[in-house]
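In what follows, chains are A, B, ... by sequence order, proteins preceding strands, each numbered from 1. This one's a predicted model, so the numbers in the text were calculated from it and none came from an experiment.
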Amino acid sequence: MSDTSKLSEVVEEVRQRDFPDLSAELVHSILEVQIRHQEDASEALKGTHAALRRHVESALKLPEPGESGP
Amino acid sequence: MRYRKLTLTNFGAFYGRQEFTFGRERGVWIVYGRNSRGKTTLLNAFRFALYGEYLGRTAPRRLEEVTNELHVQEVGAADEPGFQVELAFEHKGSEYELSRAFKAGVSTMQMRKDGVTLPLDASERELRTVAPPSISRFYLFDGELLRQYEELSDEKTDSARRLREEVNRILGVTSILRTAEHLREIHAEESRDLARSAAAQSKSKRAGTLLQEIQSKRSELVEEKRSTEAALAQERQRLEEVEDALSVQAQAREIMGQLERCKQQKTATQVELVRGRELLTEVAAGAWKAVVAAGTADRIDALEEEAGAIELERIQAYARRHAALRLQHSEECPTCAQTLDEHTRAVALQRAKEGSDEAVVEHLDAEAERVDRRLRLLRRMAQESNAAIIADRERAVAGLKLKLSQLEAEARGYEEELAEVDQSEVKRLQSERDQLLQLVTRDQEFVTDLETQIEEQDTQAAKIRKEITATGVEIEPALEQRERIAERLGELYSASVKTYQEAVLREVETSATKLFLRMRSEEDFAGLSVTDGYGVTILDRSGHEVKGHSAGYQHLIALSLIGALQRSSPVQGPIVMDSPFGRLDEVHTRQVVAALPEVADQVLLLAFEGEFDRGAAVEELGTTLVAEHRLEHVSSKHTKLEPREVD
């Protein structure tokens with residue numbers, strides 16, 4: 001039954017307007033983790049932290065030209 | 001998500017294996033059933049399949065009591081009785097087969113996705129995502145949910161608060177709020193690591209140590225908040241149980257009303273049955289007529305022939321009498337009008353008098369009357385061949401007997417439900433509820449206070465963090481970035497909450513208004529307005545709030561809101577509704593039925609026969625009415641789910 005499109009849409013709108021320095025991919029993946037584990041807060045927290053770590057590691061290893069991320 | 005098929009095996013009143021197929025259709029399915037036939041059991045079959053539980057009308061039911069009683073008798077001591085529910089459904093292009101069973105006190109679950117059996121933990125995880133239990137009552141609901149919606153306007157009650165939380169959950173607001181909170185926690189954790197790193201370097205030792213202290217204090221506050229929230233959740237859980245138990249009293253009154261109505265109908269049916277039997281006895285007393293009816297036709301033919309002959313003789317006699325009278329006063333022949341001589345005239349007069357004297361005419365009149373009387377009697381007997389009348393009256397008596405047995409079963413059902421009510425508990429429950437309300441209020445205030453303190457720590461931490469940056473100390477790049485990004489992400493999600501909530505509220509309002517306009521009959525009611533707390537008011541044509549509308553309209557508002565929440569929710573799926581018409585009159589009930597296809601892609605409506613005008617519903621729903629079923633009463637322990645016959 002789940003569909004995160006509306007949530008994603010609003011969060012992306014706010015990101016573009018006020019937080020353009022943050023990676024769209026990271027923001028979206030965090031929302032997905034949260035929805036996936038909406039019935040298990042502990043898993044949602046762990047998954048969110050893991051997504052952040054992965055993103056930073058990946059960004060430090062392979063900085064993409066023009067990316068507005070970290 | 002869309003349902004494909006529900007299969008019940010020895011579940012409640014559903015004896016043996018029975019199926020309900022949705023196929024690949026979307027639209028409305030209706031299941032008709034009298035009270036105590038299994039409508040709520042059918043609703044619970046979905047609940048058991050998805051969440052492993054069964055909610056009775058007055059309290060959750062022990063699963064041991066759900067096994068079909070006929071099956072229990074059949075199994076006897078030879079084996080452990082049990083039941084099973086299988087639910088096939090589609091979600092995001094994958095086909096799922098969910099099976100849950102209960103046997104020997106143990107509940108087991110298995111789920112296959114696209115033909116592959118999933119491990120138990122994966123099944124549970126997947127199921128929680130597809131059909132989150134926290135919002136289940138928006139998908140599997142009865143009239144009680146509508147009543148709770150009406151309480152939303154009373155913002156102080158705990159049930160209204162709970163419902164608001166659930167609405168936030170169904171709309172996804174909770175997800176985004178929790179994401180923001182988790183990111184603040186992650187930021188605090190990264191910040192602690194960063195503070196440790198700063199404290200280890202001389203340039204930033206003081207600021208680092210201070211930040212560590214702030215973060216340590218923050219952790220303590222967060223821990224305290226968590227434990228208070230856990231206690232609060234337990235208190236609320238208990239409060240919910242106590243309130244449910246108290247509401248049993250109100251429900252008991254309703255059940256008593258139903259029982260009284262049932263008893264009155266039973267008495268009226270018994271009177272009808274006595275009268276029906278009398279009529280049958282009366283008509284049966286003339287049953288011999290049917291036996292002799294076969295020979296009556298021949299007798300009628302013979303009598304008709306006899307009557308014809310008598311009539312001919314009577315005509316001749318009257319003609320002779322007329323001729324005699326003419327001959328007495330005239331010389332002219334009454335037949336050929338020639339003049340007769342004296343002798344011929346005397347002979348003709350003699351003959352005319354012989355065949356028409358008074359005695360002959362009287363005899364012929366009496367014979368004609370006798371034959372006519374017998375003919376009338378025989379004809380009535382032929383018409384009244386009462387085999388058909390007897391059959392009609394037998395059918396009427398059988399129908400009344402069936403109605404009586406159904407009413408007796410219904411009354412038994414109500415009496416069983418009433419037996420579950422323990423009146424003596426009420427005072428103790430009320431006292432416990434008052435204490436729990438005090439605890440809940442106190443703990444909720446404490447949580448709010450802790451949140452303020454955490455925010456203060458965060459503000460201080462941000463200042464110190466700037467000081468650390470200003471010292472030019474080197475922090476591990478990954479740690480520094482994680483801490484910075486986590487903070488920004490937390491800010492992003494906090495900012496998104498309000499934007500999302502406003503967007504979704506307007507969407508709910510538009511959608512609820514659309515549904516409401518479909519269902520209302522008062523033309524001056526032009527729309528709905530939804531507040532931040534999900535309270536709903538009716539607006540008139542000039543945009544002013546309509547005050548003092550009827551309970552029926554409160555009901556319509558609640559239905560409109562539920563439909564709108566479905567449409568606006570990030571989690572969408574079929575709805576199963578158990579008797580949702582409550583206090584609606586005939587016109588509004590009809591309009592609600594017509595609006596059902598707009599509430600969800602698949603709607604299964606459980607209703608009792610006569611709850612709405614079926615003919616009108618069939619017409620209004622048109623092709624969106626996929627199928628109709630009925631709960632056929634076989635016995636008090638056996639209900640069959642069957643396609644409803646077309647009238």
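Under the 4.5 Å side-chain criterion, counting only non-hydrogen atoms from C-beta, T48(A) is in contact with I186(B). Residues F19(A) and L489(B) are not in side-chain contact: their nearest non-hydrogen atoms beyond the backbone lie 4.5 Å or more apart. Looking only at side-chain heavy atoms (C-beta outward), L183(B) and I30(A) come within less than 4.5 Å of each other.
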Fill in: Stepwise side chain to side chain contact (heavy atoms under 4.5 Å, CB included) test for L45(A) and E189(B)
CA-CA 12 Å; L45(A) 178 62; E189(B) 198 177 323; over 6 Å; no
Discussion item. I'd like to know whether I485(B) forms a side chain to side chain contact (heavy atoms under 4.5 Å, CB included) with L26(A), so could you lay out the CA-CA distance, the side-chain angles of the two residues, the decisive distance to 0.1 Å, and finally the verdict.
Written reply: CA-CA 10 Å; I485(B) 295 171; L26(A) 172 64; 3.8 Å; yes
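Taking a 6.0 Å sphere around CD of E474(B), one finds it holds 12 or fewer heavy atoms contributed by other residues, nucleotides or ligands. Annotation: Q234(B), atom CD; neighbour count of heavy atoms from other residues, nucleotides and ligands within 6.0 Å does not exceed 12.
Atoms CZ and CG, from R53(A) and L479(B) in turn, are 10.5 Å apart once rounded to the nearest 0.5 Å. Residue D40(A) holds its CG atom at 5.5 Å from CZ of R128(B), rounded to the nearest 0.5 Å. Here the CZ-OG distance, from R17(A) to S496(B), works out to 8.0 Å after rounding to the nearest 0.5 Å. The OH atom of Y493(B) sits 4.5 Å away from the CG atom of L31(A) when rounded to the nearest 0.5 Å. The structure places NE2 of H182(B) at 11.0 Å from NE2 of H37(A), a figure rounded to the nearest 0.5 Å.
In this structure, Y500(B) contributes its side chain and E9(A) its backbone to no donor-acceptor pair below 3.5 Å. The backbone N or O of L492(B) lies less than 3.5 Å from no partner atom in the side chain of R15(A), so there is not a single donor-acceptor pair.
Contacts of E126(B) with chain A are absent, with no heavy-atom separation under 4.5 Å from either backbone or side chain. In this structure, the portion of E13(A) lying under 4.5 Å from any heavy atom of chain B is its side chain and not its backbone. Heavy atoms of E181(B) lying under 4.5 Å from chain A are absent altogether.
The candidate from R488(B), R482(B), E491(B) with the greatest count of non-hydrogen atom pairs under 4.5 Å with chain A is R488(B). Of the residues considered (E43(A), R36(A), Q34(A)), Q34(A) shows the highest number of contacts with chain B, using heavy-atom pairs under 4.5 Å.
Summarising the geometry of A486(B) relative to L52(A), their closest heavy-atom pair is CB-CD2, 3.8 Å, with the distance given to 0.1 Å. Shortest non-hydrogen contact noted between L7(A) and S175(B) is CD1-CB, 4.5 Å. The nearest pair of heavy atoms linking R178(B) to A41(A) is NH1-CA, 3.5 Å.
Using modelled atom types, one finds a donor on one side chain and an acceptor on the other under 3.5 Å when comparing E190(B) with H49(A).
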